[in-house]
Amino acid sequence: MKTMLFAAGLALAALAGPAAAQDYNANANYGDVRLSPGFTPDPHLIAMRAGGTIDASTRFNTCRGFITAQPDARLWWDGKGSLNLKISAISNSDVTLVVNGPNGEWYCDDDSGDGFNPLVTLSPVAGRYEIWVGTYSSGETKPAVLSISEVTNF
């Protein structure tokens, strides 16, 4: 009987498949960028397709949208600077933003930028930032531009 229950448990686990999670160590979909305070041109822009199949709200309570397991972009920030760092996404569609900071903190936004565009404003510390841009339908991708700036609000 124990063998049968163990086998049934294995079968259920196989049907469930692996749990999806954010893999912030994976290669970024649209590459890495290294920036320093006072970088030019400002803003730094990265064209991409937003979206994925992972519901960000099931990972982080304050997040919205569907994102990929691997980050869309990775920012290496090499100094504090005196200005805030503004990470935003620009799209004709309603997109969301998820950022993992070097301190392990997660930041999320939906509509703090212009219109339906997300914006996260940080007092940056040196380190690695993983950035995801999401959409509101699982598996749907939409054109978007990721903006990293010290001076521009989008």
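Residue numbers start at 1 and run along the sequence shown. Quick caveat: nothing in here was measured; it's all calculated off a predicted structure.
Taken to the nearest 0.5 Å, the OH atom of Y136 stands 6.0 Å off from the OG1 atom of T96. If you take CG on L45 and OG on S147, they are separated by 5.0 Å, rounding to the nearest 0.5 Å. Atom CG of L97 is separated from atom OH of Y107 by 12.5 Å, given to the nearest 0.5 angstrom.
Each of N92, T135, D94, V133 was checked for a side-chain contact (heavy atoms from CB on, under 4.5 Å) with K142, and the lone residue meeting it is T135. Tested against P37, the residues L83, D78, L85 include a single side-chain contact (heavy atoms from CB on, under 4.5 Å) partner, D78.
With hydrophobic clusters built from ILVMFWY side chains whose heavy atoms lie under 4.5 angstrom apart, F66 does not share a cluster with L146. V120 and F116 sit in two unconnected hydrophobic clusters of ILVMFWY residues. Membership requires side-chain heavy atoms under 4.5 Å apart, directly or through other members.
D72 is listed as a side-chain neighbour of N29, based on a closest heavy-atom distance under 4.5 Å. The shortest distance between side-chain heavy atoms of P71 and I131 does not fall below 4.5 Å. Counting only heavy atoms from C-beta outward, the side chains of P118 and V95 approach each other to under 4.5 Å. Side chains of V33 and W76 form no contact here, defined as non-hydrogen atoms less than 4.5 Å apart. Using a 4.5 Å heavy-atom cutoff, the side chains of T121 and L119 are in contact. Counting heavy atoms from C-beta on, the side chains of V145 and M48 never come closer than 4.5 Å. Contact annotation: the side chain of L75 approaches that of I148 to within less than 4.5 Å [non-hydrogen atoms, C-beta and beyond]. In this structure, the side chains of H44 and F39 come closer than 4.5 Å at one or more pairs of heavy atoms.
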What's the verdict on side-chain contact (heavy atoms from CB on, under 4.5 Å) for I87 and L122, showing C-alpha distance, side-chain angles and the deciding distance? CA-CA 8 Å; I87 302 171; L122 304 169; 4.1 Å; yes

Are E150 and K86 close enough, and set up right, to give a side-chain contact (heavy atoms from CB on, under 4.5 Å), and what steps lead you there? CA-CA 6 Å; E150 289 182 299; K86 299 165 186 156; over 6 Å; no

What's the verdict on side chain to side chain donor-acceptor pair (under 3.5 Å) for S149 and D42, showing C-alpha distance, side-chain angles and the deciding distance? CA-CA 6 Å; S149 179; D42 184 339; 2.5 Å; yes

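In this structure, P102 and G127 approach most closely via the heavy-atom pair CB-CA, 3.8 Å. The nearest pair of heavy atoms linking I46 to A73 is CD1-CB, 4.1 Å. Smallest separation of non-hydrogen atoms from G51 and T68: O-CG2, 3.3 Å.
Counted within 6.0 Å of CG on N27, heavy atoms from surrounding residues, nucleotides or ligands total 12 or fewer; the atom is thus considered open.
A donor-acceptor pair under 3.5 Å is formed between the side chain of N117 and the backbone N or O of S91. A donor-acceptor contact shorter than 3.5 Å is absent between the side chain of R74 and the backbone of Y30.
With 3.5 Å as the limit, one finds a donor-acceptor pair spanning the side chains of N25 and R128. Using modelled atom types, one finds a donor on one side chain and an acceptor on the other under 3.5 Å when comparing S57 with D55.
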